[in-house]
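One structure below.
Sequential numbering from 1 along the given sequence is applied to the chain's residues.
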Amino acid sequence: MAKKQRKFADDGWAVWIDGEDTSTIHINDWLNPTGKSYVDIAIHIRGIKSSKSLNVYVPFFILDEEIEDVSLLFENTKILQAIFSAACIVDYMKNPHTSEIAYNGKTVDIVHISTTGFKAESVSDGTLIRVDLQDLQPYIDNDEAYFIWRMPHKSLDAIFKPHIDVRNAMERLRDLITTPVVSEKYGYSIRINESRLLPEEITRIGMFHRQKLNKAAITISVDENYELNDTGCYRIRRLEKNLYKAYLPSDYPTEDVITYQWNQRREDNFHGQFNFYYSITRDSVSKGSMFLYMILLLTVGVIGDAISNAIQALIGLFS
C-alpha cells in the first residue's frame with residue numbers, strides 16, 4: 001500500500017485597473033514538482049485609453065529583476081500563433097514601449113512592461129506590481145492592450161519541495177520496508193479578487209472594489225509523469241512545439257508537456273470573483289526503500305555465504 005503525502009495551498013490574487021475598463025486575466029502555471037516552477041501573467045485591458053494604472057497583487061515576494069518580459073519574444077510570429085491560436089501580423093517595437101499585433105480581425109497593442117518603469121512593492125506576504133498607464137498614453141494606438149510577463153512561482157516551490165520525515169525511527173523503517181511506492185498529492189487554489197484572502201493593504205483600496213474583471217482563464221502545464229485532476233477542465237491539448245525552445249522557461253522539462261485549460265466566466269458578476277482549484281498526483285518508488293532493500297539483500301548474501309562456509313567446514317571435519 002502506497003504511503004500518502006499531501007500538500008495544499010490556497011492563495012489570493014488581485015487584479016484591478018484604475019479607469020473605465022473590462023479586463024481579462026490569464027494565468028499560465030508551468031508546474032515542475034521536481035524543480036522550479038513559473039507563472040505567466042497576461043492582462044488584457046479593454047479601454048486602456050481611459051485607464052490610469054494597472055495593479056496586480058501576487059501572494060508571494062517577487063523582486064523587480066525576477067520579472068521577465070516575455071513579450072519581447074513576440075518578434076517571433078510562430079510564438080504569437082501558438083499563444084493567440086491565430087495567425088498574427090506584428091509590428092514589433094513600433095515605438096519604445098509597445099508592439100502592435102493584428103489577429104482575428106482586430107488590432108491590439110502589446111505593452112513591453114520592462115520598458116515602462118513598473119514598480120514591484122512588498123505588501124504583507126506578497127508583492128504589488130504597479131504600471132503607470134498615463135505615461136504610456138502617447139504610445140498607445142489602440143483601445144485594447146496586453147501586458148505579459150513571467151516570474152518564479154515561489155509559493156509552489158514551497159509546496160513541491162521534498163521534506164524529510166522525522167517520525168519515530170521504527171515507524172519510518174517499517175514504511176521503508178512495507179511501502180516502497182510513495183504517492184504524493186499537491187493541491188493548489190487560485191482565488192482572484194476574493195477579499196477574505198487578501199491583505200488589508202489591498203482590501204481597503206477603493207478602486208479594488210470597483211474594478212471590472214470580466215473573465216479569468218488559467219492554463220496548467222505538466223508532463224505525463226503526473227496525473228492532474230481535470231474535472232474543471234474544458235479543453236486538453238498538447239503544448240505546441242513552437243513554444244518548446246523559444247518560449248518555455250529555460251530549465252523547464254519540455255518532453256510530453258500537456259496543457260490543461262480552465263475558463264470561468266461571470267457574465268453578471270462584475271465583482272470578478274474567480275476560483276480555480278486543481279491537484280496533481282505523482283507515484284514514485286522510494287529511493288530510501290530501494291537502498292534498504294539493497295542493504296538487506298547484501299546482508300542476507302553475506303550471512304548466507306558465511307553459513308555456507310561454516311557448513312562446508314563442519315562437513316570437512318567429519319569426513
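- A ring-ring contact (aromatic ring centres under 6.0 Å, His included) with Tyr252 holds for exactly one of Tyr247, Tyr38, Trp30; it is Trp30.
- Closest approach of Val111 to Ala145, counting heavy atoms only: CG2-CB, 4.3 Å.
- Between Phe276 and Phe274, the ring planes are parallel. Angles under 30° get that label, and only those over 60° would be called perpendicular.
- Side chains of Pro96 and Thr115 form no contact here, defined as non-hydrogen atoms less than 4.5 Å apart.
- When atom types are taken as modelled, the side chain of Gln137 and the backbone of Ile48 share a donor-acceptor pair closer than 3.5 angstrom.
- Taken to the nearest 0.5 Å, the NZ atom of Lys78 stands 14.5 Å off from the CD1 atom of Ile83.
- Under the 30°/60° scheme for interplanar angles, the aromatic rings of Trp16 and Phe208 are found to stand perpendicular.
- Of the inter-residue distances, the one linking Phe84 atom CZ with Ile110 atom CD1 reads 4.0 Å to the nearest 0.5 angstrom.
- Between the side chain of Thr259 and the main chain of Ser221, no donor-acceptor pair closer than 3.5 Å is present.
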Please lay out, stage by stage, how Phe74 and Ile79 fare under the test side chain to side chain contact (heavy atoms under 4.5 Å, CB included). CA-CA 6 Å; Phe74 287 177; Ile79 292 178; 4.1 Å; yes

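- Of all heavy-atom pairs spanning Tyr57 and Gly12, the tightest one is CE2-O, 3.5 Å.
- Thr281 OG1 to Lys185 NZ: the interatomic distance, rounded to the nearest 0.5 Å, is 8.0 Å.
- Counting heavy atoms from C-beta outward, Phe118 and Leu54 have side chains that stay 4.5 Å or more apart.
- The side-chain heavy atoms of Ser53 and Arg130, taken from C-beta on, include no pair separated by under 4.5 Å.
- Note on Leu197 and Ile218: separate hydrophobic clusters, where clusters join Ile, Leu, Val, Met, Phe, Trp and Tyr whose side-chain heavy atoms are under 4.5 Å apart, directly or indirectly.
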Using side-chain hydrogen bond (donor to acceptor under 3.5 Å, both in side chains), reason through Glu100 and Thr107 one step at a time and then give a plain yes or no. CA-CA 7 Å; Glu100 186 177 75; Thr107 304; 5.6 Å; no

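- Side chain of Asp109 to main chain of Asp141: a donor-acceptor pair is present (N/O by atom type, distance under 3.5 Å, no hydrogens or angles).
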Counting only pairs under 3.5 Å, give me each side-chain donor-acceptor contact of residues 151-158, with atom names and distances, residues two or more places apart or in other chains.
unit_1: His153; atom_1: ND1; unit_2: Ser155; atom_2: OG; d: 3.2
unit_1: His153; atom_1: NE2; unit_2: Asp29; atom_2: OD1; d: 3.4
unit_1: Lys154; atom_1: NZ; unit_2: Phe61; atom_2: O; d: 3.4
unit_1: Lys154; atom_1: NZ; unit_2: Glu66; atom_2: OE1; d: 3.1
unit_1: Lys154; atom_1: NZ; unit_2: Glu66; atom_2: OE2; d: 3.2
unit_1: Ser155; atom_1: OG; unit_2: Asp11; atom_2: OD2; d: 3.3
unit_1: Asp157; atom_1: OD1; unit_2: Ser37; atom_2: N; d: 3.1

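- Not one N or O on the side chain of Asp135 forms a donor-acceptor pair closer than 3.5 Å with the backbone of Thr116.
- Of the possible polar contacts, none joining the Lys52 side chain to the Asp18 backbone as a donor-acceptor pair under 3.5 Å is found.
- Between Thr24 and Arg46 there is a side-chain heavy-atom pair separated by less than 4.5 Å.
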Stepwise, does the side chain to side chain contact (heavy atoms under 4.5 Å, CB included) test hold for Leu239 with Leu248? CA-CA 10 Å; Leu239 195 67; Leu248 267 68; 3.5 Å; yes

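- Under the 4.5 Å side-chain heavy-atom criterion for Ile, Leu, Val, Met, Phe, Trp and Tyr, Val123 and Ile190 are members of distinct hydrophobic clusters.
- Counting heavy-atom neighbours within 6.0 Å of Asp125 CG, excluding the residue itself, gives a total of 12 or less.
- Contact check for Trp13 versus Val39: side-chain heavy atoms found under the 4.5 Å cut-off.
- The salt bridge (charged side-chain N to carboxylate O under 4.0 Å, His left out) check on Arg150 picks up Asp40, with sequence neighbours excluded.
- The only member of Lys94, His112, Glu75 that meets side chain to side chain donor-acceptor pair (under 3.5 Å) when paired with Ser99 is His112.
- Counting all heavy atoms, side chain and backbone alike, Ala120 lies closest to Ile62 at CB-O, 4.2 Å.
- Rounding to the nearest 0.5 Å gives a distance of 9.5 Å between NE2 of His97 and CD1 of Ile140.
- Cluster membership for Ile17 and Ile205, using ILVMFWY side-chain heavy atoms within less than 4.5 angstrom, is not shared.
- In this structure, Thr219 OG1 and Trp262 CH2 are separated by 9.5 Å, a value rounded to the nearest 0.5 Å.
- At most 12 non-hydrogen atoms from other residues, nucleotides or ligands lie less than 6.0 angstrom from CD of Glu200.
- Considering only heavy atoms from C-beta on, Ile101 comes within 4.5 Å of Val108 through its side chain.
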Stepwise, does the side chain to side chain contact (heavy atoms under 4.5 Å, CB included) test hold for Tyr188 with Ile159? CA-CA 9 Å; Tyr188 183 59; Ile159 298 174; 4.1 Å; yes

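- Linking ILVMFWY side-chain heavy atoms closer than 4.5 Å, directly or via other members, places Tyr92 and Ile148 in a single hydrophobic cluster.
- Annotation for Ser189 and Asn275: closest pair OG-OD1, 3.1 Å, computed over non-hydrogen atoms.
- Atom CD1 of Ile25 and atom CD1 of Ile41 lie 5.0 Å apart (nearest 0.5 Å).
- Residues Leu31 and Tyr186 have side chains not in contact (no heavy-atom distance under 4.5 Å, counting atoms from C-beta outward).
- No more than 12 heavy atoms of other residues, nucleotides or ligands shown are found within 6.0 angstrom of CD1 on Ile89.
- Cluster annotation: Ile45 and Tyr139 are assigned to distinct hydrophobic clusters (Ile/Leu/Val/Met/Phe/Trp/Tyr, side-chain heavy-atom contacts under 4.5 Å, transitive).
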Under the side chain to side chain contact (heavy atoms under 4.5 Å, CB included) criterion, do Arg191 and Arg196 qualify, and how do the steps go? CA-CA 10 Å; Arg191 301 177 191 270; Arg196 61 189 181 85; 3.8 Å; yes

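- Although no hydrogens or angles enter the test, the distance criterion places a donor-acceptor pair under 3.5 Å between the side chain of Asn193 and the main chain of Val15.
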